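One structure is given below, encoded as structure tokens.
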Amino acid sequence: NAGVTQTPKFRVLKTGQSMTLLCAQDMNHEYMYWYRQDPGMGLRLIHYSVGEGTTAKGEVPDGYNVSRLKKQNFLLGLESAAPSQTSVYFCASTGQYNEQFFGPGTRLTVL
Amino acid sequence: AQSVTQPDIHITVSEGASLELRCNYSYGATPYLFWYVQSPGQGLQLLLKYFSGDTLVQGIKGFEAEFKRSQSSFNLRKPSVHWSDAAEYFCAVGEVVGTYKYIFGTGTRLKVLA
């Protein structure tokens with residue numbers, strides 16, 4: 001089992017560019033999440049999904065969109081990147097006993 | 001609303017000393033409680049979790065945590081710290097039912113002196 005994987009690992013964007021972050025899990029988990037981590041602020045929930053075809057807003061959803069077309073994949077999109085979106089992004093999925101499994105993160109810089 | 005407070009941003013201990021990291025939560029019912037550890041440049045790894053039952057839970061790497069309902073606390077402890085324990089530690093509370101959303105504290109960065 002690979003667990004939770006994220007691509008890419010690093011990315012640099014210019015303001016206004018778009019990109020999609022891919023999260024994949026091979027544990028057959030129903031629930032998946034996208035967080036951003038900024039210094040001194042812990043992890044903040046951007047969007048989450050409780051199953052294939054469903055998504056919901058978290059704490060900081062503005063400027064992001066998500067899709068869960070397949071159960072194993074959860075995509076996070078930035079339509080028009082802004083410097084405030086410079087962060088480390090983590091994907092997670094929830095297991096049978098409600099613990100979260102995290103991916104290794106994507107470090108995004110927006111210039 | 002749910003919230004998690006980790007009052008210590010940084011903690012420094014000597015190798016071999018005991019450790020306690022504080023976590024206080026606000027939640028309407030008995031929550032799911034978690035401690036995660038994050039090494040630099042890595043994702044988060046689960047140390048231990050509490051759902052119900054025995055209020056003292058054991059985790060990996062020699063860590064334990066005690067759930068105290070009266071104090072709304074879930075402090076993490078380790079009797080003897082190793083240099084490899086230097087990392088950032090996050091406490092989290094999860095919804096028992098429904099959305100399974102999680103709220104994370106802002107983290108405590110542990111430094112271990114040789």
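Basis for what follows: all heavy atoms, side chains included, without hydrogens, waters or symmetry-related copies. None of the values given here were measured: they were computed from a predicted structure. Letters go in sequence order (proteins before strands), and every chain restarts at 1.
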*Linking I/L/V/M/F/W/Y whenever any side-chain heavy atoms sit under 4.5 Å apart, do B:V112 and B:I60 land together?*
yes
*Specify the closest pair of heavy atoms between A:E99 and B:L46, including all atoms of both residues, with the distance to one decimal.*
CB-CD2, 3.5 Å
*Please determine, among A:Q37, A:Q6, A:M41, the option with the most heavy-atom pairs under 4.5 Å with chain B.*
A:Q37
*With a 4.5 angstrom heavy-atom cut-off, could you sort out which part of A:F101 is near chain B: side chain, backbone, both or neither?*
neither
*Just wondering, more than 12 heavy atoms not from A:R44 lying within 6.0 Å of its CZ?*
yes
_In one Ile/Leu/Val/Met/Phe/Trp/Tyr side-chain cluster, 4.5 Å: B:V57, B:V4_ = yes
_Is there a path of hydrophobic side-chain contacts, each under 4.5 Å between heavy atoms, that joins A:L78 and A:F10?_
no
*Are side-chain heavy atoms of B:L44 and A:L43 found at a separation under 4.5 Å?*
yes
*asked:* Run the ring pair (Phe, Tyr, Trp, His ring centres under 6.0 Å) test against B:Y36 and tell me which residues pass, sequence neighbours left out.
replied: A:F102, B:F104
*For chain B, which residues from residues 17-29 of chain A lie under 4.5 Å away (heavy-atom distances)?*
none
*Is it possible for you to say whether B:F74 and B:V93 belong to one hydrophobic cluster, with membership spreading through side-chain heavy-atom contacts below 4.5 Å?*
yes
*asked:* For B:I9, is the CD1 atom crowded, meaning more than 12 foreign heavy atoms sit under 6.0 Å from it?
replied: no
*Minimal non-hydrogen separation, A:F90 against B:Q38, with atom names*: CZ-NE2, 3.3 Å
*State yes or no: do A:Y64 and A:L75 share one hydrophobic cluster built from I, L, V, M, F, W and Y residues joined by side-chain heavy-atom distances below 4.5 Å, directly or via other members?*
no
